[in-house]
Amino acid sequence: MHYQTESWGTYNMNPTTMMGDPLERIERLASENAVVIFSISTCCMCHAIKRLFCGMGVNPAVHELDEDPRGKELERALMRLLGTSNVVPVVFIGGKLIGTMDRVMGCHINGSLVPLLKQAGALWL
């Protein structure tokens, strides 16, 4: 199993970008790939959501917040965005916020996840 992983610290070393507003960084990163997951490397739910997408043939961009020197700021920004303290995993598809594990699994169960992935260009079949 292979995940596309990129640390925020090595993703873009431009000091202006590194010091930018966390919500702007989240929005920019979420729009750069068809599927983007904000994760914590030791989180079992994060692992499960990554496995779900990889099992479907999707190669998500995974941003591990615990491996980013400013990951706590991003985590707080995600909390504000979602209005909850249970932040990870957070999934964006086609640059649009889908939500956390419960929302993604709900979409998967009701059959709306695959069309979202196809529309975003993450699935071809």
Side-chain angles (χ1 to χ4, degrees):
M1 173 171 48
H2 298 283
Y3 301 124
Q4 177 181 345
T5 60
E6 296 179 26
S7 168
W8 294 84
T10 59
Y11 185 82
N12 186 343
M13 296 306 288
N14 180 338
T16 306
T17 304
M18 292 299 290
M19 298 303 288
D21 176 54
L23 283 174
E24 288 176 9
R25 290 174 57 207
I26 289 167
E27 183 179 332
R28 179 181 51 81
L29 290 167
S31 67
E32 290 179 347
N33 294 89
V35 178
V36 177
I37 301 172
F38 291 92
S39 172
I40 292 179
S41 61
T42 57
C43 168
C44 63
M45 292 300 182
C46 296
H47 177 74
I49 207 79
K50 290 180 265 190
R51 296 275 305 171
L52 171 70
F53 283 113
C54 288
M56 296 174 76
V58 173
N59 186 26
V62 177
H63 299 282
E64 302 290 357
L65 299 178
D66 58 325
E67 295 175 4
D68 180 321
R70 298 188 61 198
K72 284 291 181 193
E73 290 178 27
L74 296 169
E75 192 172 350
R76 284 191 296 273
L78 287 166
M79 283 183 201
R80 286 193 314 268
L81 186 63
L82 293 166
T84 181
S85 60
N86 294 336
V87 175
V88 293
V90 178
V91 176
F92 289 80
I93 298 176
K96 296 176 184 160
L97 174 64
I98 301 303
T100 57
M101 180 75 155
D102 57 340
R103 291 288 308 272
V104 174
M105 291 308 294
C107 289
H108 183 52
I109 290 167
N110 73 22
S112 63
L113 184 59
V114 169
L116 284 172
L117 294 169
K118 286 180 181 178
Q119 182 180 12
L123 280 179
W124 283 250
L125 300 173

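On a predicted model such as this, the values are computed, not experimentally measured, just so you know.
Atom CG of Leu74 and atom CG of Leu23 lie 9.0 Å apart (nearest 0.5 Å). To the nearest 0.5 Å, atoms CD1 (Ile49) and CZ (Arg51) are separated by 12.5 Å. To the nearest 0.5 angstrom, Lys96 atom NZ is 5.5 Å from Gln119 atom CD. Here the straight-line distance linking atom CG of Leu78 with atom OG1 of Thr84 works out to 11.5 Å at 0.5 Å rounding. Note that CG of Leu65 and CD1 of Ile26 are 8.0 Å apart. Values are rounded to the nearest 0.5 Å. Atom-to-atom distance recorded for Ile109:CD1 and Asp102:CG is 10.5 Å, nearest 0.5 angstrom.
Contact of the Ile93 side chain with the Leu113 side chain is registered, since non-hydrogen atoms from C-beta on lie closer than 4.5 Å. Counting heavy atoms from C-beta outward, Leu52 and Met105 have side chains that approach closer than 4.5 Å.
Between Gly99 and Leu82, the shortest heavy-atom contact is CA-CD2, 4.4 Å. Leu117 and Met56 make their closest contact through CD1-CE, 3.7 Å (heavy atoms, listed as atom of the first residue, atom of the second, distance). In terms of heavy atoms, Ala30 sits closest to Val36 at O-CG2, 3.7 Å. The minimum heavy-atom distance between Gly121 and Ala34, with the atom names listed, is C-CB, 4.3 Å.
Residues that satisfy the ring-ring contact (aromatic ring centres under 6.0 Å, His included) test with Phe92, not counting sequence neighbours, are Phe38. Not counting sequence neighbours, Asn86 has no partner by the side-chain hydrogen bond (donor to acceptor under 3.5 Å, both in side chains) test. Every side-chain hydrogen bond (donor to acceptor under 3.5 Å, both in side chains) that Ser41 has, sequence neighbours left out, goes to Asp66.
In Met101, the CE atom is crowded: over 12 heavy atoms of neighbouring residues, nucleotides or ligands sit closer than 6.0 Å.
Under 4.0 Å is where a charged nitrogen must lie from a carboxylate oxygen, and between Lys72 and Glu75 at least one such pair does.
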Original post:
Given Lys50 and Cys46, is the side-chain contact (heavy atoms from CB on, under 4.5 Å) satisfied, shown in steps?
Top reply: CA-CA 6 Å; Lys50 290 180 265 190; Cys46 296; 4.2 Å; yes

